[in-house]
Amino acid sequence: MIQTSLSAVSYADPEQTEHFISISLDECKRMSRLIQDMLSLSRSDNHTWVLDCTSCEIDTLLLDVYEKYEQTARHKKKQLLIELPEDSLPVCFCDSLKISQALAILIDNALAYVPEGGMIRLSARQEAASVSLFVADNGPGIPDSEKEAIFQRFYRSDTSRNDKQHFGLGLCIAKEIALLHHGTLSVSDTPGGGATFQLTLPVS
C-alpha cells in the first residue's frame with residue numbers, strides 16, 4: 001500500500017499528490033503501531049518488560065488521560081466524559097506510564113467503535129484493597145461468546161467492533177499490563193448497551 005501510494009505521487013497532479021501522501025503517512029503510522037505492539041508483547045513473553053513503579057495519584061492519572069483524548073473525541077464527534085468520586089482515590093504503587101497506556105488502548109478502541117454522537121465515560125471506584133478504573137461506552141457492545149476471546153492476540157471480531165486500524169493486539173497488551181501489576185482486566189455490558197472495561201489494581 002505504501003509503495004503503491006508513493007509511486008502514484010510521481011504522476012499525480014498537485015491535488016492528488018496530497019491525497020496519496022496522506023495515505024502513505026497513515027499506513028506508516030499503522031505499521032509503526034504494529035511494530036511497537038509486537039515489541040511490547042515480545043518483552044512480556046521474555047519477561048523483560050520492566051515496570052517503573054512509583055506512588056501514583058490515580059485521580060491525576062485519570063485526568064491526564066482524559067485531557068489527552070478529550071479533543072480527539074470531540075474532533076470525531078463523540079463525547080468523552082470523566083467521573084471521579086468525591087473522596088480522593090488511594091495512592092497506587094504502579095507504573096503510571098503503562099497504566100496510562102492501558103487506558104489509552106481502551107479509549108482508543110472505544111473511539112474507533114462508538115458511532116458519531118456516542119459517549120465514552122472514564123471513571124474510577126475504590127474497593128476494599130484495590131482501585132478499579134472503568135472505560136465504558138454506548139457502542140455496539142461485545143457478545144458474551146467473545147468477551148474472553150477479545151483479549152487473545154490478533155483476535156478481531158467479524159461484527160461491527162472491527163476496524164482496519166486495529167490489529168487485534170491492543171487489548172492483549174492492556175491485559176498484560178494489568179497482570180504485570182497483579183491486577184485484572186475484564187469486560188462487561190454497559191447498562192443500556194455498549195461495553196465497559198474494568199482495570200483493577202491492588203493498592204496495598
Side-chain angles (χ1 to χ4, degrees), residues 33 36-37 40 44 49-115 117-139 141-142 147 150-151 161 163 165-166 169-204:
R33 179 174 180 173
Q36 291 301 317
D37 286 350
S40 294
S44 177
W49 207 0
V50 180
L51 294 180
D52 183 16
C53 293
T54 58
S55 296
C56 173
E57 295 183 355
I58 295 298
D59 314 66
T60 302
L61 185 149
L62 289 174
L63 285 169
D64 287 344
V65 172
Y66 166 77
E67 290 175 358
K68 178 181 178 180
Y69 278 91
E70 194 276 333
Q71 188 171 1
T72 300
R74 193 187 317 161
H75 176 73
K76 294 185 176 183
K77 299 179 181 179
K78 300 166 189 182
Q79 188 175 17
L80 178 62
L81 305 175
I82 183 169
E83 289 184 357
L84 295 176
E86 292 184 5
D87 297 330
S88 297
L89 293 167
V91 172
C92 182
F93 191 70
C94 66
D95 187 326
S96 59
L97 290 178
K98 286 186 173 59
I99 296 302
S100 296
Q101 179 185 358
L103 292 174
I105 289 169
L106 300 179
I107 293 174
D108 187 56
N109 276 2
L111 288 172
Y113 301 128
V114 169
M119 180 190 68
I120 302 107
R121 189 182 306 274
L122 180 62
S123 62
R125 182 177 70 218
Q126 182 177 358
E127 312 287 351
S130 63
V131 60
S132 290
L133 315 180
F134 299 90
V135 177
D137 67 58
N138 62 350
I142 301 170
K147 282 184 170 63
I150 60 171
F151 295 107
R161 292 190 73 91
D163 185 89
Q165 297 296 328
H166 294 78
L169 293 175
L171 291 178
C172 178
I173 291 172
K175 187 150 191 173
E176 289 293 331
I177 290 173
L179 293 174
L180 280 172
H181 286 82
H182 305 289
T184 60
L185 178 62
S186 60
V187 63
S188 60
D189 295 330
T190 302
T196 297
F197 287 86
Q198 178 177 350
L199 172 61
T200 300
L201 302 170
V203 294
S204 60

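With sequence neighbours left out, K68 forms a salt bridge (charged side-chain N to carboxylate O under 4.0 Å, His left out) with no residue at all. Residues forming a salt bridge (charged side-chain N to carboxylate O under 4.0 Å, His left out) with E127 (at least two apart in sequence, or on another chain): R125. Shown here are the side chain to side chain contact (heavy atoms under 4.5 Å, CB included) partners of T72, two or more places apart in sequence or in another chain: K76, L111.
Summarising the geometry of K78 relative to P115, their closest heavy-atom pair is CG-O, 3.8 Å, with the distance given to 0.1 Å. The minimum heavy-atom distance linking V91 with S55 is given by the pair CG1-CB, 3.7 Å. Closest non-hydrogen pair, P85 versus A124, comes out as CD-O, 3.7 Å. In terms of heavy atoms, L122 sits closest to L62 at CD2-O, 3.6 Å. Smallest separation of non-hydrogen atoms from C92 and P202: SG-O, 3.6 Å. In terms of heavy-atom proximity, S88 sits nearest to D59 at CA-OD2, 3.9 Å.
Atom CG of N109 sits about 9.5 Å away from atom CG of D137, to the nearest 0.5 Å. Here CZ of R121 is found 10.0 Å from CG of L80. Values are rounded to the nearest 0.5 Å. The distance from atom SG of C53 to atom CD1 of I99, rounded to the nearest 0.5 Å, is 8.0 Å. Between the CD1 atom in I105 and the CZ atom in F197 there is a gap of 11.0 Å [rounded to 0.5 Å]. Note that CG of L63 and CD of E57 are 10.5 Å apart. Values are rounded to the nearest 0.5 Å. Distance check: S130 OG to L201 CG gives 8.0 Å after rounding to the nearest 0.5 Å.
For N138 (side chain) and M119 (main-chain N/O), a donor-acceptor pair under 3.5 Å exists by modelled atom type. Distance alone, capped at 3.5 Å, places no donor-acceptor pair between the K147 side chain and the S188 backbone. Under the 3.5 Å distance criterion, the side-chain polar atoms of T190 are matched with a main-chain donor or acceptor of A195.
Remark: the Q198 side chain and the T196 side chain contain no N/O donor-acceptor pair separated by less than 3.5 Å.
Side-chain contact between L185 and F151: present, with at least one pair of heavy atoms (C-beta onward) separated by less than 4.5 Å. The shortest side-chain heavy-atom distance between L61 and S100 falls under the 4.5 Å cut-off. Looking at heavy atoms from C-beta onward, L51 lies out of side-chain contact with F93 at the 4.5 angstrom threshold.
In this structure, D52 does not pair ionically with K98, as no charged nitrogen and carboxylate oxygen lie closer than 4.0 Å.
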Verify side chain to side chain contact (heavy atoms under 4.5 Å, CB included) between I82 and E70, making sure each step is shown before the conclusion.
CA-CA 10 Å; I82 183 169; E70 194 276 333; over 6 Å; no
